[in-house]
S.K.: 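The structure that follows is given in the form of structure tokens.
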Amino acid sequence: MAPGLIADWALWGKVPRTTSGYEVLAAHPPGRSAEFNTAVLHWLPGTPGAGDRLPWITVGCAPEAGGEGTVGVFLLDGTDGVDGTNRMIHRVSHFAVPYAQVRDAGVGWCALARAAHTAAETLTLTTAGPAALPLGEDELLVDDVAGNVTPNISGITRWLAAAAAHLLDGPVAVAGDGSHGPFELLLILDSVAALLPFGARSTLSAASATSPGSEVPVRLYWGDTAASPGATGLTVGGGPLPDLRALSPQARRYHDLLLDNWEKHGGAAVVRHLAECREPLDIDEPDVAAQALEVLKRLDRPLAAVQALTEGREVSTEEVHVALRTPGITDQELTVFAEHGVLTHPDTDPEAVAPLMAQPPVSQAIGDGLRAELLGHRTDAARREFESRRASLRAAGLGLDRLDQILADVMSEILHTCPEGTPDPVTRELLPAVAPFAVGTMGLTQSMLRRVPGLASGLVRALYDQPEPVALVGAWLRWLCDEPSADRRPEIAGSPELPLVRALLSTGVCPVEADRKWAGRHPAAAARLLEAAVVCGRGDEVLRHADFFKGLLSSVLRAVSGADGDEVLAVLRDALRRGPAGLRAATAPRWDVLCALTGLQPSGFTDVVAATRPAGGADPAGRVDTYATALRAELDSRGLKQDATRIVRELLRVALAVDPESGYGPGPADRELTERVLDWSGPYAQLVVDAVHRLVRTPYWNESEQDGRWLDRLAGRLSGLGSSLALRSLVRFAERPEVTEHDCGELAVRARAARVAGAENDDVCAALVIWAVRGRIGERLDALLAAYQKEWASYSGAGRALEERHDMEDALARYEGDQPVAEYYCDHRARHLAQTKSRCLREIEKLKEQLPSLEREISRMHKLRASAVRTRV
């Protein structure tokens, strides 16, 4: 049950020391204040007198059009304040709870009032938000009234039953011992209402106290029975039992049946039954007694659950099981269960349903449930349902024929109703998730899988992603391929590879039937045969079968060339993505050929040949030799010559790849393979050059000493590697953390060497940036390019040096890194040039200032010379 209820609320009273009237002082939400004021005035039970025990508790239900309405709880209590005339102020704490919450919680008036009383203590005029009414785990209605519910019929039972019956006919006023507290009084009223269906509380009202002579609109209340016009007065405790003669016929029948059921089933069962009947029941309806009687009848009928479902009422699991186990249950009754989902409900015991599975309503319901779960892709639910049905038949000692018919019907209906091309969820989702069938069982399902193309292969392929697929494939194929004659293989439409897979698993050898002709006739099946072999660890046995490989290869080449072969490529890619586990170096080339032709990354060499050497296995050179020899033989075959270059290019791309996380590059086997390919005649040398170019330009490659020696060997044989190696030298030097501003000259030397070797300006620029970004970028780049220009000038003159610097600056502008290095460089360079310009201008101004004195001195020299000439004459 829920931990509590959420209610709107209002505090109704007066402002102390004023002459204002009673009104709503605070509420949530504030917009309902007027509504709450009306409700309090409507349900007010009068005015307490001196000495009355408070609080007075009223519970009033207000039905709503089109809804179940609201349960209002009103706690009338005293306060410490007085008004302007010195009269005591009473306060009403009102809580409005949706009936749906009360219904779902299954609590009675007493528990509701206790929770409201607790919540009222926390309310103030400044409280914001809704109120939480706390409920304990043991505050269900049946727990609250348990003290008044005796197992057998007693005096209190007869009084409560009579009061409940009178309540169906009209208002009831109760009188008795006034020593009881408010909650004890309310509990007695709660016990009366507990003998009616719980749904009556959606319209019933009750009050623990009323003022004498007050006209209150309450259906059941404590008050003056003699002064309660229109109400039946009943006295509790010690007095005579209520007169039953005044009851209406329907109310009297309800009373009698109530006691009969009490005697037969016990009080607790009767109260529990009524408490579970929570559909709204209008107490003011003229036929309310007849409606309540129909509710009560359900307790004493063998097929009460069927009637309840027909009326839209909930049914307990126990009632369902009793009904299902009733001998002679009819198809009509089972149809009602099926229509309301009872037969496939998780709480319904499958063993109770198992003997009925051959009856049409049951088989249809189970089939409909399975089909809905499968089409909704709720595979786990479908699996649990299927396995539960299978286990229930075994537990009942029954065969699987009933379940076989249901499953075959489900498959047939799905195939006929789903759009063409829709994967069958039975074979793709359900069967792979259940235990394999025993040989000789589920014959209809087996026949369906054999007869409809694609179903059987779909089942087997779906097994590949299950845990321990080898055992599952073997078990399902034993059932699927079972034949009376051991030397005959069954015909399975659209899946000719499955008998061959079974033979492969049984003998460990690829069947002789899987030759070139067979693979050519059944290209998709050949791809599925390889996939099954790979999954089951038999890939080597299939790939070393030369005729089979040639047939499969021919189909792949036709598909790649544009012929109709989408299914072949799709299945083959699925197989190759699973990895070459179990292959040898001699068969790995065939795997890699298929990978390259289908657009996948070759994994045979890297996973089989270049992998860590197993204990006692051949060394890398031996494995590479075996692989390279076999690969060259395949590439020289007539069918592959035109694709040989593409295959080798893709193989080298994978072999010379670098792991971006660790920086680990080619291993011994990878380097060995590269040199073996270099030995081949034809276009392969250029492929090696291209692959090594890519490798050495990988910035995160952690080159080892062995890598360096290997590159040197390759450089000695391939002139086209000079630029890449020179660039690699520059990058390695630039990456060294100890390289500082003082090493600009060495960087410039290596940069020029890379350019002279043929490296592109953009690649050289990217290497220089690696060093520049570790400091003040603009300053570093300016100093570095100055050294670069100087280095070029020492060899090629100032003109060429300036040209090379400008080319490098253009490459810097094109650089697309994380930082705007070109902007940093230009800003710094512009500032530096501006400073130089300013210095030059200052020098010019200083020289201009010297001109007058220079002119005077020149003039004086001219005069002095003239004087000397005259003297000599």
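Bear in mind the structure is a predicted one, so any value in this text is a computation, not a measurement.
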S.K.: Show every donor-acceptor pair shorter than 3.5 Å between a side-chain atom in residues 594-602 and any protein atom, with sequence neighbours excluded, or say none if there are none.
M.R.:
{"residue": "Thr598", "atom": "OG1", "partner": "Leu594", "partner atom": "O", "Å": "2.7"}
{"residue": "Thr598", "atom": "OG1", "partner": "Cys595", "partner atom": "O", "Å": "3.1"}

S.K.: Among residues two or more places apart or on two chains, list those pairs meeting salt bridge (Lys or Arg N to Asp or Glu O under 4.0 Å) that have a residue in residues 505-527.
M.R.: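 Found Arg489-Glu513.
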S.K.: Under a 3.5 Å distance rule, please check whether Arg450 uses its side chain to pair with a backbone N or O of Leu480 as donor and acceptor.
M.R.: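 Yes; judged by distance alone, with no hydrogens or angles, the pair exists.
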S.K.: Just by distance, do the side chain of Arg428 and the backbone of Ala462 share a donor-acceptor pair under 3.5 Å?
M.R.: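 It does not hold such a pair.
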S.K.: Verify salt bridge (Lys or Arg N to Asp or Glu O under 4.0 Å) between Arg389 and Glu385, making sure each step is shown before the conclusion.
M.R.: CA-CA 6 Å; Arg389 300 300 175 189; Glu385 170 72 4; 2.6 Å; yes
S.K.: Can you list every salt bridge (Lys or Arg N to Asp or Glu O under 4.0 Å) pair that touches residues 632-645, not counting sequence neighbours?
M.R.: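 Salt bridge (Lys or Arg N to Asp or Glu O under 4.0 Å) check on residues 632-645 returns Arg590-Glu634, Arg632-Asp636, Asp643-Arg646.
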S.K.: With Thr674, which residues qualify under side-chain hydrogen bond (donor to acceptor under 3.5 Å, both in side chains), at least two apart?
M.R.: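 Thr674 satisfies side-chain hydrogen bond (donor to acceptor under 3.5 Å, both in side chains) with no residue once adjacent residues are dropped.
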S.K.: Mind telling me whether Phe437 and Phe386 have parallel, tilted or perpendicular rings, with 30° and 60° as the class edges?
M.R.: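 Rings of Phe386 and Phe437: tilted, 30 to 60°.
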S.K.: Who passes side-chain hydrogen bond (donor to acceptor under 3.5 Å, both in side chains) against Arg451, sequence neighbours left out?
M.R.: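 Arg451: side-chain hydrogen bond (donor to acceptor under 3.5 Å, both in side chains) contacts with Ser447.
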S.K.: Quick one: salt bridge (Lys or Arg N to Asp or Glu O under 4.0 Å) pairs with a partner in residues 647-656, sequence neighbours left out?
M.R.: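 Qualifying pairs, neighbours excluded: Glu650-Arg653.
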S.K.: Is the ring centre of Trp591 less than 6.0 Å from the ring centre of Phe605?
M.R.: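 Not close enough - the centres of the two rings lie 6.0 Å or further apart.
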S.K.: Could you tell me whether the side chain of Thr507 and the main chain of Ala503 form a donor-acceptor pair under 3.5 Å?
M.R.: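 Yes, because the side chain of Thr507 sits within donor-acceptor range (under 3.5 Å) of the backbone of Ala503.
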S.K.: Please list, chain by chain and in numerical order, all residues satisfying side-chain hydrogen bond (donor to acceptor under 3.5 Å, both in side chains) with Arg717, sequence neighbours excluded.
M.R.: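 Residues passing side-chain hydrogen bond (donor to acceptor under 3.5 Å, both in side chains) with Arg717: Asp679.
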S.K.: Please confirm whether the backbone N or O of Leu498 pairs with a side-chain atom of Ser495, one donor and one acceptor, at under 3.5 Å?
M.R.: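 Flag not set: sc Ser495 to bb Leu498 has no pair under 3.5 Å.
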S.K.: Under 3.5 Å, is there a donor-acceptor pair between the side chain of Asp424 and the main chain of Leu415?
M.R.: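 No, the answer is negative, given that no donor and acceptor are paired below the 3.5 Å cut-off.
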S.K.: Has Asp670 got a side-chain atom pairing as donor or acceptor with Gly667's backbone, closer than 3.5 angstrom?
M.R.: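 Yes; at least one donor-acceptor contact below 3.5 Å.
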S.K.: Who are the side-chain hydrogen bond (donor to acceptor under 3.5 Å, both in side chains) partners of Arg390, not counting sequence neighbours?
M.R.: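 Here the qualifying residues are Glu387.
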S.K.: Sorted by first residue and then second, give each salt bridge (Lys or Arg N to Asp or Glu O under 4.0 Å) pair with at least one member in residues 402-415; sequence neighbours left out.
M.R.: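 Those involving residues 402-415 are Arg371-Glu413.
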S.K.: So among Leu687, Leu631, Val688, which one has a side chain to side chain contact (heavy atoms under 4.5 Å, CB included) with Trp680?
M.R.: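 One option only clears the test, and that one is Leu631.
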S.K.: According to the ring pair (Phe, Tyr, Trp, His ring centres under 6.0 Å) rule, which pairs have a member within residues 511-536, sequence neighbours left out?
M.R.: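 As it turns out, the ring pair (Phe, Tyr, Trp, His ring centres under 6.0 Å) pairs with a partner in residues 511-536, which skip direct neighbours, are Trp518-His522.
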S.K.: With sequence neighbours excluded, tell me which residues meet salt bridge (Lys or Arg N to Asp or Glu O under 4.0 Å) with Arg736.
M.R.: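 For Arg736 the salt bridge (Lys or Arg N to Asp or Glu O under 4.0 Å) partners, ignoring immediate neighbours, are Glu738.
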S.K.: Would you say Asp762's side chain and Arg814's backbone share a donor-acceptor pair under 3.5 angstrom?
M.R.: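 Pair absent, no side-chain N/O of Asp762 close to backbone of Arg814.
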S.K.: Do side-chain atoms of Asp592 reach the backbone of Pro589 as a donor and acceptor pair under 3.5 angstrom?
M.R.: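 Here the side-chain-to-backbone pair does not exist.
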S.K.: Please enumerate all residues that pass salt bridge (Lys or Arg N to Asp or Glu O under 4.0 Å) together with Arg573, with sequence neighbours excluded.
M.R.: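 Partners of Arg573 under the salt bridge (Lys or Arg N to Asp or Glu O under 4.0 Å) test: none.
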S.K.: Evaluate side chain to side chain donor-acceptor pair (under 3.5 Å) for Gln686 paired with Asp690, printing each intermediate quantity in order.
M.R.: CA-CA 6 Å; Gln686 186 58 47; Asp690 295 341; 2.9 Å; yes
